[in-house]
Amino acid sequence: MLVVDALKKRRSVRTFEKDYKIPKETLEAIVDLALDSPTGMDNQGIDLLVITNKEKINAVTAKIEASWPDNIKAAF
């Protein structure tokens, strides 16, 4: 698919299924693409962390949200 085609077909998702799990094969394909993608100035120093455990995701999310300034927290 050309980038132009992808941009023309893009859509916004307003709701998500909380219990949806990305199939393992799909997740692995996404990770492989991310690791093979070009980087700025061709610096290949990519660190990628994939978390699939819901409790850990919630804990990381809470820590990130706690670090936000008040005006950003208010937006969410």
Side-chain angles (χ1 to χ4, degrees):
M1 174 183 293
L2 297 174
V3 172
V4 173
D5 295 332
L7 291 172
K8 286 180 180 179
K9 293 180 180 180
R10 85 158 189 87
R11 60 191 173 106
S12 296
V13 176
R14 302 277 183 229
T15 58
F16 299 92
E17 295 176 35
K18 287 187 174 194
D19 296 327
Y20 178 79
K21 290 186 178 182
I22 297 173
K24 185 176 181 180
E25 298 79 23
T26 302
L27 185 58
E28 288 173 350
I30 292 168
V31 168
D32 288 342
L33 288 169
L35 292 174
D36 287 340
S37 65
T39 57
M41 297 175 54
D42 204 29
N43 178 2
Q44 300 300 325
I46 297 174
D47 292 323
L48 184 63
L49 175 64
V50 179
I51 304 172
T52 58
N53 180 293
K54 287 281 188 185
E55 290 83 22
K56 289 185 181 185
I57 291 171
N58 292 338
V60 169
T61 301
K63 287 188 182 230
I64 291 169
E65 289 175 350
S67 72
W68 292 347
D70 290 337
N71 63 327
I72 300 297
K73 288 179 189 175
F76 287 87

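Keep in mind it's a predicted model, so treat the numbers as computed, not measured.
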Same hydrophobic cluster for [X] and [Y], using side-chain heavy-atom links shorter than 4.5 Å among ILVMFWY?
| X | Y | answer |
| --- | --- | --- |
| Phe76 | Ile57 | yes |
| Val50 | Leu35 | yes |
| Val31 | Leu49 | no |
| Leu48 | Leu33 | no |

CA sep, side-chain torsions, deciding dist, call: Leu27, Thr52, side chain to side chain contact (heavy atoms under 4.5 Å, CB included) = CA-CA 10 Å; Leu27 185 58; Thr52 58; 3.8 Å; yes
Any chance you could measure Thr26, atom OG1, to Lys21, atom NZ, to the nearest 0.5 Å?
-> 14.5 Å
Measure across Lys73 and Glu65 and return the closest heavy-atom pair with its distance rounded to 0.1 Å.
-> CE-O, 3.2 Å
